[in-house]
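Only one structure is covered here, and it is reproduced in the block below.
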Amino acid sequence: MSANSAESLRRLEVVLVKAGRTKIRYEAELLVDDGTRVPVRAPWAGEGVRDFGFVRFEPGDVFTEHYWRDRWYAVKEVRSGEGTLKGWYCDITRPATLNGAELVVEDLDLDLWVSADGKEVLRLDEDEFEESGLTERDPEAASAATRALDELDELAHLFGGAGLHRHAAPPRSATSHSAPAADTPPWLPSS
């Protein structure tokens, strides 16, 4: 089997970089690669339980993570091991890059949480973003990051609650690798 066959590209290593250092790396299943959007699925890669107060990530949880090569964010659908939707954790990032079997994403500190019912939308880590110094080091990236957070926040509020599911957008897929469809989060446009 060649190195670029569909079978060999079904598994990726997601590499999350923060402040120039690898924060975490984990294996994930590639669901679709349409040239722009790269959704993957992976079990919770953290050690033990992480309790944020508004959600708990724990062993057995499954993350369907949506990355884009042209957007400044990643959206992660979080489900329990039994399949119950917990919500969406959104990381503000530089656009993702796929290098062979490595999907590299640079975290820019800002985050957004959207509960499963869409009623709770929380902007997170804005203090960490301010302390990061990105505004001084790379004002264009800082501006893109804050615009991305504002965009996600607006979409989550606009289509929150029951309205989330009415605005579901079908995935665009150029290369499905015979994987099940990976729906874009219902409150997020597909293009």
Side-chain angles (χ1 to χ4, degrees), residues 11-31 37-68 71-98 101-134 141-142 145-146 148-153 155-157 159-161 164 180 182-188:
R11 303 296 302 169
L12 294 176
E13 188 165 51
V14 177
V15 181
L16 181 63
V17 176
K18 189 169 183 174
R21 295 183 174 179
T22 298
K23 182 177 176 182
I24 190 170
R25 60 175 54 234
Y26 52 92
E27 190 172 286
E29 176 188 2
L30 174 64
L31 300 178
R37 187 172 66 98
V38 185
V40 301
R41 185 169 293 131
W44 165 239
E47 298 272 332
V49 174
R50 182 140 184 223
D51 190 340
F52 291 94
F54 50 87
V55 67
R56 286 170 49 104
F57 296 162
E58 49 203 338
D61 285 352
V62 177
F63 287 65
T64 301
E65 304 174 355
H66 301 266
Y67 298 97
W68 287 266
R71 297 186 191 179
W72 287 72
Y73 51 77
V75 178
K76 302 171 182 182
E77 177 189 88
V78 184
R79 291 186 177 271
S80 71
E82 294 77 36
T84 303
L85 179 64
K86 293 184 174 187
W88 294 271
Y89 196 91
C90 308
D91 284 320
I92 304 304
T93 67
R94 290 184 189 270
T97 58
L98 184 59
E102 273 193 352
L103 183 63
V104 181
V105 183
E106 183 181 348
D107 186 334
L108 298 177
D109 293 311
L110 295 170
D111 301 297
L112 187 79
W113 169 254
V114 182
S115 62
D117 63 7
K119 293 179 181 174
E120 186 174 39
V121 178
L122 303 173
R123 294 171 73 109
L124 306 169
D125 303 329
E126 290 178 292
D127 55 336
E128 288 180 28
F129 178 75
E130 289 302 319
E131 293 167 7
S132 75
L134 186 64
T146 56
L149 180 62
D150 291 343
E151 176 186 347
L152 288 174
D153 190 358
L155 288 167
H157 278 97
F159 299 119
L164 287 176
D183 289 336
T184 300
W187 44 271
L188 191 64

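Note that these values count all heavy atoms, side chains included, but never hydrogens, waters or copies made by symmetry. None of these values were measured; they are calculated from a predicted model.
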Euclidean distance, [Y] [atom2] relative to [X] [atom1], rounded to 0.5 Å:
| X | Y | atom1 | atom2 | answer |
| --- | --- | --- | --- | --- |
| Asp150 | Leu155 | CG | CG | 11.0 Å |
| Asp125 | Asp127 | CG | CG | 6.5 Å |
| Lys86 | Glu58 | NZ | CD | 4.0 Å |
| Glu77 | Phe63 | CD | CZ | 10.5 Å |
| Arg123 | Asp153 | CZ | CG | 4.5 Å |
| Leu152 | His157 | CG | NE2 | 12.0 Å |

Subject >> Val40, Thr64, Asp91 screened by side chain to side chain contact (heavy atoms under 4.5 Å, CB included) with Lys76, the one that passes >> reply: Asp91
Subject >> Leu98, Val15, Val14 screened by side chain to side chain contact (heavy atoms under 4.5 Å, CB included) with Val104, the one that passes >> reply: Val15
Closest heavy-atom pair and its distance - [X], [Y]:
| X | Y | answer |
| --- | --- | --- |
| Leu12 | Leu30 | CD1-CD1, 4.0 Å |
| Ser115 | Trp88 | O-CZ3, 3.7 Å |
| Ala145 | Leu108 | CB-CD1, 4.0 Å |
| Ala74 | Trp68 | CA-CZ3, 4.5 Å |
| Glu27 | Ala42 | O-CB, 3.6 Å |
| Trp44 | Pro59 | CD1-N, 3.6 Å |

Original post:
Where do Leu103 and Glu65 land on the side-chain contact (heavy atoms from CB on, under 4.5 Å) test, with the steps shown first?
Top reply: CA-CA 11 Å; Leu103 183 63; Glu65 304 174 355; over 6 Å; no
Is [Y] close to [X] at the side-chain level, that is, under 4.5 Å between some pair of heavy atoms?
| X | Y | result |
| --- | --- | --- |
| Asp109 | Lys18 | yes |
| Phe129 | Thr146 | yes |
| Thr93 | Glu106 | no |
| Pro39 | Tyr67 | no |

Original post:
Where does the angle between the aromatic ring planes of Phe57 and Tyr89 fall among parallel (under 30°), tilted (30 to 60°) and perpendicular (over 60°)?
Top reply: perpendicular
Subject >> salt_bridge(Arg56, Asp61) N-O dist < 4.0 Å >> reply: no
Original post:
Sub-3.5 Å donor-acceptor pair from the side chain of Asp117 to the main-chain atoms of Lys119, do we have one?
Top reply: yes
